[in-house]
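The sequence lines fix the lettering, A, B, ..., with proteins before strands; numbering per chain opens at 1.
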Number of protein chains: 2
Amino acid sequence: MRIGELGQATGVDIETIRYYEKAGLLPEPARRNNGYRAYGASHLERLAFIRHCRALDISLADVKRLLEFVAHPEVDCGDIDCLIDAQLARVRARLESMRALERQLSALRSRCGARHSAGDCGILHELVAAAHGEACACHRGVPPEQDKTATSDMASAGRRKA
Amino acid sequence: MRIGELGQATGVDIETIRYYEKAGLLPEPARRNNGYRAYGASHLERLAFIRHCRALDISLADVKRLLEFVAHPEVDCGDIDCLIDAQLARVRARLESMRALERQLSALRSRCGARHSAGDCGILHELVAAAHGEACACHRGVPPEQDKTATSDMASAGRRKA
DNA sequence: GCTTGACCCTGGAGTGACTACAGGGTGTTA
DNA sequence: TAACACCCTGTAGTCACTCCAGGGTCAAGC
């Protein structure tokens with residue numbers, strides 16, 4: 001099948017397919033007389049494998065390693081476990097920071113209800129206050145990293161009126 | 001203060017500071033006779049503002065917009081709300097997919113306990129099965145996107161023994 | 001005066017995983 | 001013959017940095 005058909009069958013953009021080939025994840029397919037790439041079932045499968053791994057957010061470098069395990073099933077699989085464990089640890093760490101982020105943004109969002117000028121906007125106030133190292137709604141409880149005192153146009157920005 | 005001092009004070013890498021300047025987020029500072037950048041309190045504050053926004057995962061483009069609100073407090077703040085709302089929506093969507101990802105990886109991880117050859121590895125089996133469109137532990141319940149049947153070396157990879 | 005070492009400068013390249021585009025060729029249908 | 005969908009290669013752009021080469025500046029110590 002042609003590249004467009006492979007893309008259709010797998011839901012993968014043809015640019016991405018060519019990218020995988022260049023990156024060494026998909027083997028170079030045979031070519032037709034007109035130079036078009038000619039894919040077979042094995043390409044389709046391999047591409048599906050890659051996409052499934054990517055859906056699990058596994059990096060292309062790690063997908064490459066997994067493909068080597070597929071090609072060499074006699075190898076000890078301890079490294080596969082490590083790879084998945086590391087991936088799981090990464091995902092869990094990111095999950096934690098995303099949760100914190102969600103809390104912070106929610107808190108920030110609650111600072112501003114009705115429409116008014118930016119000078120009176122609680123969100124902007126909070127962000128500017130955070131720049132001063134003051135406790136902000138979004139990072140409340142988290143010790144501020146800054147301890148500087150400074151006066152500038154930003155310090156008064158939130159106070160000026162239109 | 002010099003760039004190194006500003007970096008120290010804010011915990012920001014000096015390369016990143018120069019990057020922000022080139023990207024138009026930090027105004028170009030004055031220069032000493034020797035060409036060194038000379039920063040003041042306003043720069044420190046602005047940099048802290050940027051970093052706080054980045055900690056909330058707000059893109060540099062959006063930080064730029066927020067900085068314009070800081071400079072023009074007379075403007076209606078509706079756009080700030082939209083910006084934060086959009087950010088919150090992005091974060092929540094990502095959070096959801098991260099949660100699903102965590103579940104999927106956990107399920108996948110539980111497929112392989114003791115050490116053995118890759119050919120017997122449940123993780124690899126699952127990943128290959130997923131490439132065939134079979135229901136996999138990681139995406140169980142989720143209808144498979146692929147419906148192709150294919151035979152290749154990948155199909156038998158998980159079955160061969162060392 | 002000389003060396004050492006910390007600090008600063010610019011400009012450019014690299015990261016990951018694509019995505020977009022320019023400028024061309026091929027194949028089918030009307 | 002033209003229109004149009006599809007394919008090719010090669011290059012550049014995205015985001016937010018990060019790293020590096022190759023140089024200049026400055027204070028302290030010998």
Side-chain angles (χ1 to χ4, degrees), chain A residues 1-26 28-39 43 46-67 83 86-87 90-91 94 97-98 101, chain B residues 1-26 28-39 43 46-67 83 86-87 90-91 94 97-98 101:
Chain A
M1 61 181 123
R2 280 172 303 153
I3 195 167
E5 293 169 305
L6 179 61
Q8 199 93 48
T10 54
V12 179
D13 194 292
I14 60 164
E15 307 266 17
T16 303
I17 296 174
R18 284 196 280 249
Y19 171 76
Y20 287 161
E21 179 182 326
K22 216 191 293 183
L25 280 122
L26 265 185
E28 288 188 30
R31 299 282 183 148
R32 299 184 183 189
N33 291 338
N34 57 14
Y36 288 14
R37 288 172 177 81
Y39 293 100
H43 289 97
R46 200 172 164 108
L47 183 54
F49 180 88
I50 295 168
R51 292 308 278 187
H52 185 68
C53 291
R54 293 292 302 131
L56 293 169
D57 213 20
I58 295 170
S59 72
L60 289 186
D62 281 350
V63 174
K64 222 166 179 172
R65 290 179 54 205
L66 286 173
L67 283 167
L83 195 155
Q87 182 65 16
R90 264 195 301 276
V91 166
R94 259 200 286 165
S97 75
M98 292 295 290
L101 192 53
Chain B
M1 61 183 127
R2 281 172 302 154
I3 196 167
E5 294 169 305
L6 180 62
Q8 199 95 48
T10 53
V12 180
D13 194 293
I14 60 165
E15 306 267 17
T16 304
I17 297 174
R18 284 197 279 250
Y19 170 75
Y20 286 161
E21 180 183 325
K22 216 190 295 183
L25 279 121
L26 266 185
E28 288 189 28
R31 298 282 182 147
R32 299 184 183 187
N33 291 337
N34 58 15
Y36 288 14
R37 287 172 178 80
Y39 292 101
H43 290 95
R46 200 174 164 107
L47 184 54
F49 180 88
I50 295 168
R51 291 309 279 188
H52 185 67
C53 291
R54 291 294 300 132
L56 293 169
D57 213 21
I58 295 170
S59 72
L60 289 185
D62 282 349
V63 173
K64 221 167 179 173
R65 290 178 56 203
L66 286 173
L67 283 167
L83 196 154
Q87 182 65 16
R90 262 196 301 277
V91 167
R94 259 199 286 166
S97 75
M98 293 295 290
L101 193 53

Peer 1: DNA chain C: A:Thr16 or B:Gly35, which has the more 5' nearest nucleotide?
Peer 2: B:Gly35
Peer 1: Decide yes or no, distance alone: a donor-acceptor N/O pair under 3.5 angstrom between the base of C:dC21 and the side-chain of A:Glu15.
Peer 2: yes
Peer 1: Which residues pass the side-chain hydrogen bond (donor to acceptor under 3.5 Å, both in side chains) test with A:His43, not counting sequence neighbours?
Peer 2: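 Checked A:His43 against side-chain hydrogen bond (donor to acceptor under 3.5 Å, both in side chains); zero matches.
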Peer 1: Would you mind classifying the nucleic acid contact of B:Arg31 as base, sugar-phosphate or nothing, using non-hydrogen atoms under 4.0 angstrom?
Peer 2: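 Answer is sugar-phosphate: B:Arg31 comes under 4.0 Å of backbone atoms only.
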Peer 1: For C:dC9 and B:Arg37 - does any side-chain N or O of the residue sit under 4.0 Å from the phosphate oxygens OP1/OP2?
Peer 2: yes
Peer 1: For A:Tyr36, what residues pass the ring-ring contact (aromatic ring centres under 6.0 Å, His included) criterion, not counting sequence neighbours?
Peer 2: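 Testing A:Tyr36 for ring-ring contact (aromatic ring centres under 6.0 Å, His included), a comparison that skips the adjacent residues, returns none.
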Peer 1: Suppose we screen for side-chain hydrogen bond (donor to acceptor under 3.5 Å, both in side chains). Which residues come up paired with A:Arg18, at least two apart in sequence or across chains?
Peer 2: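 side-chain hydrogen bond (donor to acceptor under 3.5 Å, both in side chains) list for A:Arg18, sorted by chain: empty.
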Peer 1: Any salt bridge between A:Asp57 and A:Arg90, counting N to O under 4.0 Å?
Peer 2: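 No, A:Asp57 and A:Arg90 are not salt-bridged.
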Peer 1: List in numerical order all residues of residues 53-64 of chain A for which some heavy atom is under 4.0 Å away from an atom belonging to DNA chain C.
Peer 2: A:Arg54, A:Ser59, A:Leu60
Peer 1: What are the 5'-most and 3'-most nucleotides of DNA chain D lying under 4.0 Å from any heavy atom of chain A?
Peer 2: D:dC6 to D:dT11
Peer 1: Which whole-number value in Å describes the distance from A:Ile17 CD1 to C:dT19 C1'?
Peer 2: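 A:Ile17 atom CD1 is separated from C:dT19 atom C1' by 14 Å.
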Peer 1: B:Arg51 versus B:Val12: any side-chain heavy-atom pair under 4.5 Å?
Peer 2: yes
Peer 1: Which nucleotides of nucleotides 22-29 of chain C have their base under 4.0 Å from a protein heavy atom (B), which only their sugar-phosphate (S), and which neither (-), written as one string 5' to 3'?
Peer 2: ---BBS--
Peer 1: Measure from OH on B:Tyr39 to C1' on C:dC7 and round the result to the nearest Å.
Peer 2: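 Atom-to-atom, B:Tyr39 to C:dC7, this comes out as 14 Å.
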Peer 1: Which part of the nucleic acid, if any, lies within contact of A:Lys22, taking any heavy atom under 4.0 Å across all strands shown: a base, the sugar-phosphate backbone alone, or nothing?
Peer 2: base
Peer 1: Quick one: list whatever passes ring-ring contact (aromatic ring centres under 6.0 Å, His included) with A:Tyr19, sequence neighbours left out.
Peer 2: none
Peer 1: With sequence neighbours excluded, give me every salt bridge (charged side-chain N to carboxylate O under 4.0 Å, His left out) pair touching residues 3-17 of chain A.
Peer 2: A:Arg2-A:Glu5
Peer 1: Whole Å only: how far is the OH atom of A:Tyr19 from the C1' atom of C:dT19?
Peer 2: 11 Å
Peer 1: Check salt bridge (charged side-chain N to carboxylate O under 4.0 Å, His left out) between A:Arg54 and all other residues, then give those that pass, not counting sequence neighbours.
Peer 2: none
Peer 1: Report yes if the side chains of A:Lys64 and A:Leu60 come closer than 4.5 Å at any heavy-atom pair, otherwise no.
Peer 2: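 No, side chains not in contact.
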Peer 1: Would A:Arg46 and A:Tyr39 count as having a side-chain donor-acceptor pair, cut-off 3.5 Å?
Peer 2: no
Peer 1: Find the distance A:Ile14:CD1 to C:dA20:P and express it as a whole number of Å.
Peer 2: 12 Å
Peer 1: Angle between the two end axes of the helix from C:dG1-D:dC30 to C:dA30-D:dT1, five base pairs per end, rounded to 10 degrees?
Peer 2: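 Rounded value for the end-axis angle: 30°.
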Peer 1: Under the side-chain hydrogen bond (donor to acceptor under 3.5 Å, both in side chains) rule, collect the residues that match up with B:Glu21, sequence neighbours excluded.
Peer 2: B:Arg37
Peer 1: Under 4.0 Å: is that the gap between some side-chain N or O of B:Arg18 and OP1 or OP2 of C:dC9?
Peer 2: yes
Peer 1: For side-chain contact (heavy atoms from CB on, under 4.5 Å), just list the numbers for A:Arg65 and A:Leu83, CA-CA rounded to whole Å, side-chain angles, deciding distance to a tenth of an Å, and then say yes or no.
Peer 2: CA-CA 9 Å; A:Arg65 290 179 54 205; A:Leu83 195 155; 3.7 Å; yes
Peer 1: Do A:Val91 and A:Leu56 have side-chain heavy atoms sitting under 4.5 Å apart?
Peer 2: no
Peer 1: Applying side-chain contact (heavy atoms from CB on, under 4.5 Å), can you list everything that pairs with A:Ser59, at least two apart in sequence or on another chain?
Peer 2: A:Ala61, A:Asp62
